[in-house]
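Below is one structure, written out as structure tokens; comments come after it.
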Amino acid sequence: MAPGLLDLVHLTTWAVCAVIKLPQLVAVLRAGSAWGLSVTSLLLELAGLLVFLRYQIYYDYPLETYLEYPIIIAQDAILLYCIMHFSGKAKRALFYTVVFWGVWYMLTLQKWIIDLAMNLCTLVSAASKLVQLQHLWQTKDSGQASALTWGMGAYTCATRIITTVMTTNDLAVLIRFITMLILNIWVTATILHYRKTKKTD
């Protein structure tokens with residue numbers, strides 16, 4: 001792949017990630033409700049993103065291969081606070097912040113910890129998607145879940161498969177992105193299915 005094309009893939013990924021959670025945030029704020037969203041799913045996603053970012057930094061991978069992660073993490077933190085606020089649990093946000101900061105520090109105490117965490121992070125991130133799917137299946141209602149946000153997630157996973165192959169070729173990272181691509185598409189399709197079902201009722 002030509003360097004110019006690789007740069008274009010990086011740029012489109014960053015552009016999408018700069019606004020990836022905004023459709024979800026707008027939906028929650030407009031509705032004044034987090035119906036259809038799973039706090040557990042978001043916490044697992046946040047944990048997976050933090051581990052992945054720490055892994056990329058630890059191994060000194062090129063910044064352009066993970067530049068979007070701090071942006072996504074910030075958006076997830078805001079979304080998590082909004083969900084907790086609308087469910088009357090905003091005071092728990094400080095507890096989760098302290099836990100995540102502690103984990104961030106502990107991940108790099110030993111090399112084997114970050115390597116193990118990276119392998120487990122794929123499972124944790126996959127679990128976050130499966131928890132959201134289970135929530136959708138149980139309620140049979142997409143509520144405020146944004147198909148656009150999940151679709152953009154699928155796009156960024158697809159682009160990161162390309163950039164990983166072209167830059168680091170790290171197998172653990174590739175497995176993570178392939179898994180997340182499949183699950184993001186599944187969640188997007190499920191949201192669209194329940195949104196269509198709700199409109200026809």
Side-chain angles (χ1 to χ4, degrees), residues 8-50 52-53 66 68-69 71-87 89 121-165 173-201:
L8 179 63
V9 172
H10 283 309
L11 286 172
T12 62
T13 302
W14 300 331
V16 168
C17 288
V19 297
I20 195 165
K21 298 293 179 169
L22 292 183
Q24 189 63 75
L25 279 165
V26 168
V28 168
L29 292 172
R30 276 190 184 155
S33 165
W35 179 253
L37 299 173
S38 166
V39 172
T40 304
S41 172
L42 192 55
L43 287 169
L44 289 169
E45 178 182 47
L46 199 49
L49 292 170
L50 286 167
F52 186 74
L53 176 61
Y66 64 88
E68 69 272 14
Y69 280 84
I71 298 165
I72 298 170
I73 290 167
Q75 290 177 58
D76 263 355
I78 294 166
L79 180 59
L80 180 62
Y81 180 78
C82 289
I83 291 170
M84 295 177 120
H85 171 75
F86 289 122
S87 60
K89 300 175 184 173
C121 133
T122 298
L123 295 174
V124 168
S125 294
S128 79
K129 314 300 184 210
L130 293 171
V131 167
Q132 183 61 47
L133 279 167
Q134 180 186 24
H135 184 76
L136 291 166
W137 295 331
Q138 284 177 342
T139 62
K140 296 187 182 341
D141 183 359
S142 59
Q144 307 317 314
S146 170
L148 181 57
T149 291
W150 288 93
M152 288 191 294
Y155 172 79
T156 61
C157 287
T159 61
R160 283 304 176 208
I161 290 168
I162 294 166
T163 61
T164 301
V165 167
V173 174
L174 280 172
I175 290 169
R176 181 183 193 282
F177 283 130
I178 291 167
T179 304
M180 295 307 101
L181 172 63
I182 293 166
L183 292 172
N184 279 332
I185 290 170
W186 194 359
V187 172
T188 303
T190 305
I191 291 169
L192 292 172
H193 169 75
Y194 286 125
R195 185 145 306 135
K196 183 179 176 183
T197 303
K198 190 174 182 180
K199 285 181 180 177
T200 59
D201 287 345

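- Evaluation of the side chain to side chain contact (heavy atoms under 4.5 Å, CB included) rule for Ala31 yields Ser33, Gln144 as partners, not counting sequence neighbours.
- From Gln138, atom CD reaches atom NE2 of His135 across 8.0 Å, with rounding to the nearest 0.5 Å.
- Screening Leu42, Ile83, Leu80 for a side-chain contact (heavy atoms from CB on, under 4.5 Å) involving Leu37 leaves a single residue, Ile83.
- The minimum heavy-atom distance between Thr122 and Met180, with the atom names listed, is O-CE, 3.8 Å.
- We find the CG-CG distance between Leu130 and Leu183 to be 5.5 Å, quoted to the nearest 0.5 Å.
- Classification of the Tyr69-Phe52 ring pair by plane angle, with boundaries at 30° and 60°, yields tilted.
- Interatomic distance, CH2 of Trp137 versus CD of Gln132, reported as 11.0 Å (0.5 Å rounding).
- Distance check: Leu29 CG to Leu22 CG gives 10.0 Å after rounding to the nearest 0.5 Å.
- Taking NZ from Lys129 and OG1 from Thr188, the interatomic distance works out to 9.5 Å, rounded to the nearest 0.5 Å.
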### CA sep, side-chain torsions, deciding dist, call: Thr190, Val187, side-chain contact (heavy atoms from CB on, under 4.5 Å)
CA-CA 5 Å; Thr190 305; Val187 172; 5.6 Å; no
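- In terms of heavy atoms, Ala47 sits closest to Val124 at CB-CG1, 4.2 Å.
- Panel note: side chain Glu68, backbone Ala15; no donor-acceptor pair is recorded below 3.5 Å.
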### Query
Which is it for Ile162 and Phe177 under the side-chain contact (heavy atoms from CB on, under 4.5 Å) test, yes or no, and what are the steps along the way?
CA-CA 10 Å; Ile162 294 166; Phe177 283 130; over 6 Å; no
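- Without hydrogens or angle criteria, Gln75 side chain to Leu25 main chain gives no donor-acceptor distance under 3.5 Å.
- In this structure, Val165 and Leu174 approach most closely via the heavy-atom pair CG2-CD2, 3.7 Å.
- Across all non-hydrogen atoms, the minimal contact from Leu148 to Pro23 is CD2-CG, 3.6 Å.
- No hydrogens or angles considered: a donor-acceptor pair under 3.5 Å links the side chains of Thr12 and Tyr155.
- Between Thr149 atom OG1 and Asn184 atom CG the span is 10.5 Å, to the nearest 0.5 Å.
- Side chain of Arg195 to backbone of Ala145: a donor-acceptor contact under 3.5 angstrom is found.
- The backbone N or O of Thr156 sits less than 3.5 Å from a side-chain atom of Thr159, completing a donor-acceptor pair.
- Inter-residue side-chain proximity for Thr139 and Tyr194 is flagged as unmet; no heavy-atom pair is nearer than 4.5 Å.
- Across every non-hydrogen atom of Leu136 and Gly36, the tightest pair is CD2-O, 4.3 Å.
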#### Entry: Worked check of side-chain contact (heavy atoms from CB on, under 4.5 Å) between Thr163 and Thr13
CA-CA 10 Å; Thr163 61; Thr13 302; 5.5 Å; no
### Task
Go through the steps for Ile71 and Trp14 under the test side-chain contact (heavy atoms from CB on, under 4.5 Å), then give the verdict.
CA-CA 9 Å; Ile71 298 165; Trp14 300 331; 6.0 Å; no
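- Proximity of a side-chain donor or acceptor of Ser125 to a complementary backbone N or O of Glu45 within less than 3.5 Å is not detected.
- No side-chain donor from either of Arg176 and Thr179 sits under 3.5 Å from a side-chain acceptor of the other.
- Nearest heavy atoms, Ser128 versus Leu44: CB-CB, 3.4 Å.
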